[in-house]
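Inspection log for the structure reproduced underneath, given as structure tokens.
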Amino acid sequence: MEKGKAMARRWAVDFSDSSSSSHPTVADPPGFTRSAPDLDETSGSRQKKDAEAAWKAQKAWEVAQAPFKNLLMMGFMMWMAGNTVHLFSMGITFSALWQPISALRSVGKVFEPYKDPKVDLNAPRLLFIALNLGGLLLGMWKLNTLGLLPTHASDWVFSLPPAKEVEFAGGGSPFY
Amino acid sequence: MEARFLLGFLLLLSLSSFAFAIYEDQVGLADWHKRYIGKVKHAVFHTQKTGRRRVVVSTEENAIASLDLRTGDILWRHVLGKNDAVDQIGLSLGKYVLTLSSQGSVLRAWNLPDGQMVWETDLQISNPSNSFLHALGNVKSGRDSLSLVCNGGSIRAVSSIDGLVVWKKDLSVDGLKLKHVFQPPESDTIYAIGFIDSSLIALYHINAKTGELLKHATQASSVDLSSEISAISSDSLVALDTSRSNLLLIKFMAGTITNHKLPLSDIVQDFSGLAELIPTKSNDIFVVKTPSNVAFIKVKGDNEIELIGKADEAGIVSDSLTLSEEEQAFAVVHHSNNAISFQVRINGREALTEGIKIEDHRGHVKRVFLNNYVRTDKSHGFRALIVMEDESLLLMQQGEVVWSREDGLASISDAVVAELPVEKEGGVSVVEVEHTLLEWLKGHMLKLKGTLMLSTPDDMAAIQAMHLKSTERNKMTRDHNGFRKLIIVLTRSGKVYALHTGDGRIVWAHLLTPLLQSESCPSPSVLTLRNWRVPHRKALQENPSILLVGRCGAGPESHGFLFIVDSYSGKVLETQILDHSIAEVVPLPLADSSEQKLHLVIDDKLNAHLYPRGSDALEVFVREMANMYYYKVENAKEVIKGYAFKKGCSTGSSAYCFGTRELWSVVFPSDSERIVAAARRKINEVVHTQAKIMTNQDVMYKYISKNILFVATVSPKAAGGIGSAAPDEAWLVAYLIDTVTGRILHRVTHQGAQGPVHAVVSENWVVYHYFNLRAHRYEMTVIEIYDQSRADNKDVMKLVLGKHNLTAPITSYSRPEIATKSQSYFFTHSVKAIAVTTTARGITSKQILIGTIGDQVLALDKRYLDPRRTANPSQEEKEEGIIPLTDTLPIIPQSYVTHTRQVGDLRGIMSFPANLESTTHVFSYGIDLFYTRIAPSRTYDSLTDEFSYVLLLITVVVLIVAILVTWAMSQKKDLQEKWR
């Protein structure tokens, strides 16, 4: 599927761009006056742009808050999974760890569509990061409750070989 | 809900792993079972014209068996108890085998064809110790046949049909010992002859039907009578006097006794030394064995005797065999080098002489039993059953050995394990590879069919046969998993056998004691065997070898000897007669530069002699000498003593001889305690970890020491059998003693308990088995020992940084603070032997191997013997696998490692590790041998034999094809999407 996309991209020709940047070589079709709508825009365009910016800001906040729902769901799932180590709880725990990490890695991409000079994306971004870090912590906590983190003495002692003995005594009952 | 369901599922999974069981078709894949009978002491031939010819034997291992005369296979066999020695066997009515056992007090009849017991009679003999003669003559009385059992001065007549005592006659004369009973043909009177206090001869006439005493007479003898007699005819017998140089001919005609003294030197010209009468029942002929020869003597008329034949060398003489009215046959067997000469004498004259070659590892002839058959030309042919020095049994006929049985293996006294040779590189031909590939494919196709349930019964049989004859397991080379090894065993006769773990066959066998027999070593006997060289790393090109230790005479002060034997071939590498005695052999955890293990031989004067003799061995030992100790458990004196070694010994100036210095002693008060059992850890046991992790992630440190000695003592009154002491008088004290310092680490008293005690020590725990008189049941107790002095090593940061003293060497002199945890459980069976599984690295959980009273080996999970068990374990404890506490240890039928087999008279269980951590070898021995491999936590590190590689291969191929197809399809779909 990756391959198909790459091929499509190789073929891609951007038609939309050519409409805005007028090509001097190609004449406008007859009956089409380019200036007419442009004139109209000057007054309405600011309004539209403001609306778009507001919309983008709202969307960015929404995106930033999305991990919270995820967090709740994870919490619920973890509660369901119980505290024993088995396939189900392990799967949930690792997905709980993986999700925030992958989300944090793509934090730039997530807010890409809402980039706007008028919108301040820092606050939602921070919220997003904070929530994901919370998710990560939740995952770590779960990992610990499962006993998979080496936080106990037993985790460090187990691999130690028994101490050598200095003395040796042999013997038993003599032969009769 | 879901969590609980999963938990239940998990618990089910863990429960299923408790039981170790195999499927029916897996029997014989990894295990083998060999049946033996032991050293034969009586044999009765049953060679009727029709049907199977057989010989019924009784052995010194208290077994009765019927052997097929043609093949030597066991038709049936019964093993009587340890205290039920067979005194005599006989045939009755042609269909029963009668056995008299337990010093003449129990008479049993067994059905001859199938060995079922027909009846058993307890003769209720008051003083079974005084059981000189157990005549088992058949006396006709109507249609029934009576068997007479004489014991001291009493006679009992037992009906052969139902075993009822028909009559019983107590002659009630002090000092009377009946010697011979006979019944003249066509007479209702039985004559019983006995000696009273070796000076009077007594004759009794008894009514055969009622047991009424008809007449009796006594006469003083002219010589002191010994107990050896030979009945020569219906009215006379020959006795030997106590000086063993005079014969007494006793005649008892018509109620009167006459006796006549005949000096042996008159009959046999060159007579000297002590004579021996060979017990016979023959017409006027008897056999006297003197140190220089064997004389056949005939009685003629009144008080006249004549020497009719002489065998010049002292040979082994069989019982007489009656061929006809006048003809008596004897077999005389001589042994020379690696051949025996078999001679049959009829009426003292030589009738047949055959020389037979015999493997020289069988030693000398010990017993011979003669039997005849009638050839087609009506002449007599002879066959003989021969018992050799190594206790093997041979059947000889027409100058050759028809079959032989290695019955010495029924009396194994010690065993060690040795590696097989390493496989040589290369040398496999292409044809062979192709052939094996084809076979492999075929085999896997069959297996696949089996898995998919498509196989026919024929295919199933083929699969089974393929399993059994798989050549892989019987190769004479080492394998990667360590499944193929040699078990080297020592038997009571001093013979050493190497058995292959694949199928139990004998790789080599040697009887070494005859090699030593000389004036300086009159009667060598092997005491024990040890691993002498176990090469790994440094001396891989050297063959492993075995040390055999023995002594030249019977007493503890007689000189010792050593043999060093190559494990691969059984070749003797070194023989040494020592100039000191042997009281104990202590293998040390040290080795010299050629990987020979250092051994200290302690003599009866408590000097320690170091072997091997070599400067580097000496250097290694002297360097470690200050840390080496010796302890001695003296069962008779109720003392345990500890010694240190010092330079210079009391008897000589050899550099290899060291003196000992007593350091400590533990003296048990002899009026309240008797040592009944002592056990310690195996020297070569490997422990993986020193920490025991509790449910709450807490750590307990195990007290792991090789110097822990478990000793159990009982009150003197309870030292006898069960029932000999009341519960108030019986107690059992269990001690854990440090053998370096003599410190008693732990002591616990069980009131109302008594032996027999069987114990096993491993890692940081002891499990022992005893009888609880109050509960009338057997009990097992586990003691786990923990080290409190290291208990505060709990700081994670310190542990992470390695700032702890957990791996620092420990010494017994730093007073250990120990804590013990203990728990007791009832156990249904009495126990014959107890052992624990050992694995290569000690990671796999342990199972306790219990030899039960039914001669089977039960594998009991150590988890059942866990002091942390409680009646209501918490959720976490359950998850960890702690089993709810019950008062009795469960016996799960599937956990018998011997499945349906029995190891007759089980005496020992041995467990030794394979290279694969999950698997351990189990070898149990008694009269029978049984070997198997078990995996206490299942085979988690390897695929089982059952694993279908073909199925895996097919799955992989199918998956690859599926990936390719779906990839192509998706490509196509993508393209179509694009064109839309």
Spacing of NZ belonging to Lys164(A) relative to NZ belonging to Lys706(B), to within rounding of 0.5 Å: 10.0 Å
I'd like to know which of His688(B), Glu876(B), Met694(B) tops the heavy-atom pair count under 4.5 Å against chain A. His688(B)
Within a strict 4.5 Å, meaning less than it, do heavy atoms of the Val157(A) and Tyr701(B) side chains meet? yes
Name the region of Ala808(B), side chain, backbone, both or neither, that has any atom closer than 4.5 Å to a heavy atom of chain A. backbone
Between Ile810(B), Asp738(B), Val586(B), the one whose heavy-atom pairs under 4.5 Å with chain A are most numerous: Ile810(B)
Return the option, out of Pro809(B), Ala678(B), Pro587(B), with the maximum number of heavy-atom pairs under 4.5 Å with chain A. Pro809(B)
Taking Asn635(B) for its side chain and Ser173(A) for its backbone only, find out whether a donor-acceptor pair lies under 3.5 Å. no
Heavy atoms from other residues, nucleotides or ligands near CZ of Phe68(A) exceed 12 (cutoff 6.0 Å): no
What heavy-atom pair brings Arg790(B) and Ala163(A) nearest, and what distance separates the two atoms? NH2-CB, 3.8 Å
Between Val633(B) and chain A, with a heavy-atom cut-off of 4.5 Å, which part of the residue counts as in contact: side chain, backbone, both or neither? both
Which one wins on heavy-atom pair count under 4.5 Å against chain A: Val687(B), Leu590(B), Asp604(B)? Val687(B)
From the list Ile683(B), Val740(B), Asn627(B), Thr739(B), side-chain contact (heavy atoms from CB on, under 4.5 Å) partner of Phe168(A) resolves to Ile683(B)
Only pairs of heavy atoms separated by less than 4.5 Å count here; which of Pro589(B), Ser812(B), Ala554(B) has the most with chain A? Pro589(B)
Please classify the contact of Tyr643(B) with chain A as side chain, backbone, both or neither, using a heavy-atom distance under 4.5 Å. neither
Within the 4.5 Å heavy-atom criterion, are Pro161(A) and Thr807(B) side-chain neighbours or not? yes
For Glu167(A) and Tyr629(B), work out which heavy atoms get closest and say how close. CG-CE1, 3.4 Å
Between Glu165(A) and Thr811(B), a side-chain donor and acceptor under 3.5 Å: no
Please determine, among Lys632(B), Glu634(B), Lys973(B), the option with the most heavy-atom pairs under 4.5 Å with chain A. Lys632(B)
So for Ile693(B), is it side chain, backbone, both, or neither that comes closer than 4.5 Å to the heavy atoms of chain A? side chain
Assess whether atom CE of Met625(B) is packed by more than 12 heavy atoms of other residues, nucleotides or ligands within 6.0 Å. yes
Chain A contact via Ile602(B) - side chain, backbone, both or neither, heavy atoms under 4.5 Å: neither
Atom CG of Leu72(A) with >12 non-hydrogen neighbours under 6.0 angstrom: yes
Decide if atom OH of Tyr813(B) counts as having more than 12 heavy atoms of other residues, nucleotides or ligands within a radius under 6.0 Å. yes
